[in-house]
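Notes follow the structure.
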Number of protein chains: 2
Amino acid sequence: MSDFENLKLENQICFPLYALSRKVIQLYKPLLDKYNLTYTQYITMLVLWEKENISLKELGKKLYLDSGTLSPVVKKLVKQGLVEKYRSQADERIVELRLTAGGREMKEDAVEIPEKLYSQFEGDPETLVKLKNNLDQVLSQFKDES
Amino acid sequence: MSDFENLKLENQICFPLYALSRKVIQLYKPLLDKYNLTYTQYITMLVLWEKENISLKELGKKLYLDSGTLSPVVKKLVKQGLVEKYRSQADERIVELRLTAGGREMKEDAVEIPEKLYSQFEGDPETLVKLKNNLDQVLSQFKDES
DNA sequence: ATTAATTAAGTTGAGTACAATTTAATTATA
DNA sequence: TATAATTAAATTGTACTCAACTTAATTAAT
């Protein structure tokens with residue numbers, strides 16, 4: 001019964017997930033360079049473009065990232081004038097983020113980013129829709145575990 | 001026409017890819033700790049368990065990783081006695097890797113890793129198969145681009 | 001045969017990820 | 001109410017990822 005099939009790279013589910021994730025982030029890079037954003041900074045801006053006021057805690061929940069990752073990311077965005085940071089008056093432990101006018105302005109131009117990214121995909125767009133549905137479904141099964 | 005739908009986090013394809021990838025790697029962690037392997041070290045071992053002799057270059061091609069990532073990873077595996085490293089006699093630029101007896105031994109126990117990982121997935125296993133097929137399909141469209 | 005171009009690894013620096021710890025503020029409890 | 005427990009951020013340390021650069025070896029071109 002020495003069956004090593006499950007140890008073959010091609011049979012891993014996580015590996016194409018991990019490889020494709022990095023690949024797509026690399027595709028974003030030239031598009032984001034124009035805005036001086038990294039991918040992590042970009043998805044932070046996506047959240048702020050939807051909700052201009054949000055706590056760091058809430059942001060982390062949406063992005064599945066903790067303060068160890070987000071603190072330095074937000075610090076950078078503040079430095080670039082896209083975000084303001086202040087302590088909540090009601091609870092001094094909480095850091096609140098607020099989109100600045102400059103950050104709001106960037107949104108207008110940034111609509112080109114997903115457009116240009118998707119235009120780079122050859123093949124059936126339906127494949128991407130299916131993929132996204134699959135990913136969301138599987139991700140939801142772990143959402144509240146850890 | 002100020003349509004910001006494509007800038008919503010929930011409409012991103014890359015984000016669930018990125019989030020799920022990190023989530024699954026976190027699920028591997030407790031399983032890999034037992035073997036003193038990180039995820040990146042683990043997928044390197046997967047390759048070596050399939051092909052006991054391989055150049056660093058070839059390894060990088062399979063994992064979509066460059067020497068900047070792999071050099072230190074391999075150095076760790078050598079230190080742990082799982083892999084041997086030597087320069088090719090035919091071409092001194094090339095570093096060849098060889099699985100050691102200890103590395104081969106680990107394979108026997110490591111079959112439990114994918115088993116235990118998959119057992120943690122609730123929901124229909126068919127969903128995972130579909131996901132993997134989707135990922136492979138999309139990944140193959142970028143394989144030779146960069 | 002020399003020189004130029006290419007190739008494979010390795011190194012460096014910036015930016016994540018994440019576990020673990022620390023600090024400060026708030027809430028719960030004896 | 002004083003103390004304990006909890007919570008949110010920040011910090012620290014380890015490891016990965018990748019672009020850019022360096023070094024050494026090989027191959028191509030003059």
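Chain identifiers are assigned alphabetically (A, B, ...) following the order of the sequence lines, protein sequences preceding nucleic acid strands; residue numbering begins at 1 within each chain.
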Any donor-acceptor N or O pair under 3.5 Å, side chains [X], [Y]:
| X | Y | value |
| --- | --- | --- |
| B/Glu112 | B/Tyr35 | yes |
| A/Asn36 | A/Gln80 | no |
| A/Asn11 | A/Glu5 | yes |

Roughly how many Å is it from [atom1] in [X] to [atom2] in [N], rounded to a whole number?
| X | N | atom1 | atom2 | result |
| --- | --- | --- | --- | --- |
| A/Leu59 | D/dA8 | CG | P | 14 Å |
| A/Leu27 | D/dC18 | CG | P | 12 Å |
| A/Leu70 | D/dA8 | CG | C1' | 13 Å |
| A/Leu56 | D/dT11 | CG | P | 12 Å |
| A/Leu97 | D/dA9 | CG | C1' | 11 Å |
| A/Leu37 | C/dA14 | CG | C1' | 15 Å |
| A/Ile54 | D/dA9 | CD1 | C1' | 16 Å |

So, are B/Glu92 and B/Arg87 salt-bridged, with charged N and O less than 4.0 Å apart?
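Salt bridge flag = no for B/Arg87 with B/Glu92.
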Just wondering, do B/Leu128 and B/Lys130 contact through their side chains at under 4.5 Å, heavy atoms?
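No, side chains not in contact.
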Between the side chain of B/Thr100 and the main-chain N/O of B/Leu82, is any donor-acceptor distance below 3.5 Å?
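Answer holds: yes.
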Has A/Lys107 got a side-chain atom pairing as donor or acceptor with A/Leu48's backbone, closer than 3.5 angstrom?
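No, A/Lys107 side chain to A/Leu48 backbone: no donor-acceptor pair under 3.5 Å.
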Take nucleotides 17-22 of chain C nucleotide by nucleotide from the 5' end and write B, S or -, depending on whether a protein heavy atom sits under 4.0 Å from the base, only from the sugar-phosphate, or from neither.
BBB---
If you take any heavy atom closer than 4.0 Å to DNA chain D, which residues from residues 71-95 of chain A end up in contact?
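Correct list: A/Ser71, A/Lys75, A/Lys85, A/Arg87, A/Arg93, A/Ile94, A/Val95.
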For the pair B/Tyr42 and B/Trp49, name the ring-plane relationship: parallel under 30°, tilted 30 to 60°, perpendicular over 60°.
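Ring orientation of B/Tyr42 relative to B/Trp49: perpendicular.
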For A/Phe15, give me all partners under ring-ring contact (aromatic ring centres under 6.0 Å, His included), at least two apart in sequence or on another chain.
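Result, ring-ring contact (aromatic ring centres under 6.0 Å, His included) vs A/Phe15: none returned.
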May I ask you to verify if any side-chain N or O of B/Thr38 is less than 4.0 angstrom from the OP1 or OP2 atom of D/dC16?
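Answer is yes, contact under 4.0 Å.
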Phosphate contact (D/dA15 OP1 or OP2) by B/Gln41 side-chain N/O below 4.0 Å:
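Result: no.
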